[in-house]
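Here's the structure we're looking at; comments come further down.
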Amino acid sequence: MAIDTLPKTTSSGHKRPKQPPLRAARKAGGRLWIRLAVAVLLVVEVYPLIWMFLTSLKSNNDYLNNSTWSLPTTWEWGNYAEAWTTGNIGLYVKNSLLAVVPALALILLLGTAAGFALQIMVWKGRSLTLLVFLAGMMIPPQMILLPLFTVYFQAGLSGTLWPLILTYTGTGLPLTVFMMATYYKTVPRELFEAATLDGAGILRAFWTISVPMVRNALLTVGLVQFFFIWNDLLIALTFTNSQDLRTIQVGLLNFTGDFGATQYGPLFAAICINVFGTLVIYLFLNQKVMKGLTSGAVKG
């Protein structure tokens with residue numbers, strides 16, 4: 001929206017002539033189209049969340065016999081208690097956290113150190129090493145599941161969450177290394193040269209100079225990897241061989257009764273717990289994410 005900064009009167013005291021009606025009408029029409037587009041996008045984004053929440057409060061009979069778009073005839077708030085207790089969503093959330101948090105910490109630590117070594121440090125073969133990391137992004141996860149399952153079984157790691165932690169770390173490192181190497185391009189080299197002249201070693205330059213300067217990038221990469229790992233189904237379904245080790249995405253498959261009958265109310269309640277939990281995390285961190293995305297777009 002343009003801001004009118006011109007004076008309403010001229011130096012001689014006469015009023016400034018108004019804009020032509022055609023130009024004013026075009027500006028008003030442009031603003032109207034922008035508002036309509038924003039309203040449509042808002043409906044597209046928000047309405048599925050509202051529908052999912054309302055469906056989580058329906059009984060099974062209400063869901064099957066009434067219209068999909070109708071409001072619940074009886075508000076079944078007990079679906080959330082049933083999803084948390086009978087559906088074991090609390091256990092699945094705990095397992096997801098136990099698998100995601102260590103894997104995410106390893107990804108950020110190793111990925112940041114590798115990005116620092118590939119962009120800041122000067123050594124022979126670093127370009128080839130970066131290409132090797134990029135090649136890891138091209139390997140489909142489906143190709144490595146069977147070999148990894150055999151390795152984990154022979155190593156005695158089956159029946160634990162370690163297969164998930166190690167696999168998430170390995171699959172998340174290539175993208176993290178590439179993104180952190182890109183962010184390190186924006187860090188001025190003069191800072192590290194000055195630190196070296198002051199007697200700082202590599203480890204001190206890494207922890208005290210580079211990490212604070214890329215903290216927004218760390219938050220952005222961490223949030224992206226968090227959503228990738230948290231929403232994973234294939235790897236978790238492959239390596240969790242017992243009910244007590246299932247993550248939340250695998251646990252959502254359990255809301256099925258006898259003869260394949262799905263408990264829709266508790267199922268949608270469990271989905272709401274999953275979706276709205278991650279949505280709250282993003283709403284709190286979205287500004288940091290935007291800063292992290294823009295910091296790697298322009299070379300400083």
Side-chain angles (χ1 to χ4, degrees), residues 99-141 143-144 147-148 151-152 155 157 162-230 232 235 281-282 285-300:
V100 170
V101 173
L104 190 60
L106 288 173
I107 288 173
L108 293 179
L109 176 62
L110 299 177
T112 305
F116 177 83
L118 291 170
Q119 287 297 333
I120 304 301
M121 299 175 62
V122 179
W123 47 282
K124 186 176 181 180
R126 61 176 183 169
S127 299
L128 179 61
T129 305
L130 180 59
L131 290 177
V132 172
F133 276 107
L134 294 179
M137 299 171 57
M138 305 176 188
I139 301 176
M143 293 181 60
I144 63 176
L148 286 178
V151 171
Y152 293 146
L157 297 178
W162 279 108
L164 296 182
I165 296 173
L166 296 176
T167 306
Y168 289 149
T169 303
T171 55
L173 271 178
L175 178 61
T176 303
V177 171
F178 171 72
M179 295 182 70
M180 293 308 302
T182 303
Y183 284 119
Y184 269 118
K185 288 183 179 179
T186 65
V187 179
R189 300 298 187 274
E190 293 78 5
L191 294 175
F192 300 102
E193 295 174 359
T196 303
L197 294 176
D198 289 339
I202 293 296
L203 291 178
R204 185 178 178 184
F206 173 70
W207 287 111
T208 62
I209 298 178
S210 71
V211 172
M213 295 196 69
V214 296
R215 58 182 180 272
N216 288 332
L218 276 173
L219 185 59
T220 302
V221 175
L223 196 61
V224 170
Q225 293 292 350
F226 171 81
F227 285 124
F228 281 161
I229 300 174
W230 185 269
D232 167 70
I235 296 175
I281 294 175
Y282 178 77
L285 300 177
N286 62 343
Q287 294 298 326
K288 295 288 186 179
V289 172
M290 295 299 106
K291 291 181 180 179
L293 290 174
T294 55
S295 64
V298 181
K299 182 168 180 65

message: For Tyr152, I'd like to know if atom OH has over 12 heavy atoms of other residues, nucleotides or ligands within 6.0 Å.
response: yes

message: Give me the atom names and distance for the closest heavy-atom approach of Ala99 to Ile165.
response: O-CG1, 3.8 Å

message: If I compare all heavy atoms of Met121 with all of Arg126, which pair ends up nearest, and what's the gap?
response: O-NH1, 2.7 Å

- request: Over all heavy atoms of both residues, which pair between Pro188 and Met213 is shortest? Give the atoms and the distance, please.
  value: CD-CE, 4.1 Å

query: Quick one: does Thr112's side chain have a donor or acceptor within less than 3.5 Å of a partner on Leu109's backbone?
result: no

- prompt: Can you tell me if Trp123 uses its side chain to pair, donor with acceptor, with the backbone of Ala117 under 3.5 Å?
  reply: yes

Approximate separation, where rounding is to 0.5 Å, of Leu108 CG and Thr176 OG1: 6.5 Å

message: Around atom CZ of Phe228, are there more than 12 heavy atoms from other residues, nucleotides or ligands closer than 6.0 Å?
response: no

field: side-chain contact (heavy atoms from CB on, under 4.5 Å) between Leu157 and Leu166, intermediate numbers included
entry: CA-CA 10 Å; Leu157 297 178; Leu166 296 176; 4.1 Å; yes

- line: One should read off an interatomic distance between Lys124 NZ and Thr129 OG1, to the nearest 0.5 angstrom, of 12.0 Å

message: If I take atom CD1 from residue Ile281 and atom CH2 from residue Trp230, how far apart are they, to the nearest 0.5 angstrom?
response: 7.0 Å

- prompt: Does CZ in Phe178 sit with more than 12 non-hydrogen atoms of other residues, nucleotides or ligands closer than 6.0 Å?
  reply: no

message: Do Phe206 and Ile120 make a side-chain contact, defined as non-hydrogen atoms from C-beta onward lying under 4.5 Å apart?
response: no

query: To the nearest 0.5 Å, what is the distance between CE (Met179) and CG (Leu218)?
result: 10.5 Å

query: Backbone N or O of Val187 within a donor-acceptor pair of the Arg189 side chain at under 3.5 Å?
result: yes

query: Can the ring centroids of Phe192 and Tyr184 be said to lie less than 6.0 angstrom from one another?
result: no

- prompt: Can any side-chain N or O of Gln225 pair as donor or acceptor with the backbone N or O of Ile107 at less than 3.5 Å?
  reply: no

field: Nearest atoms (heavy-atom pairs only) where Met137 meets Pro174
entry: CG-CB, 3.4 Å

- request: Carefully, step by step, assess Asp232 and Ile229 under the rule side-chain contact (heavy atoms from CB on, under 4.5 Å).
  value: CA-CA 5 Å; Asp232 167 70; Ile229 300 174; 5.6 Å; no

message: Under a 3.5 Å cutoff, is there a donor and acceptor pairing between the side chains of Tyr183 and Thr220?
response: no

message: Once rounded to the nearest 0.5 Å, what's the spacing between atom CG of Leu197 and atom CD of Glu190?
response: 11.5 Å

message: If you compare all heavy atoms of Thr169 against all heavy atoms of Ala103, which two are closest, and at what distance to 0.1 Å?
response: OG1-CA, 3.6 Å

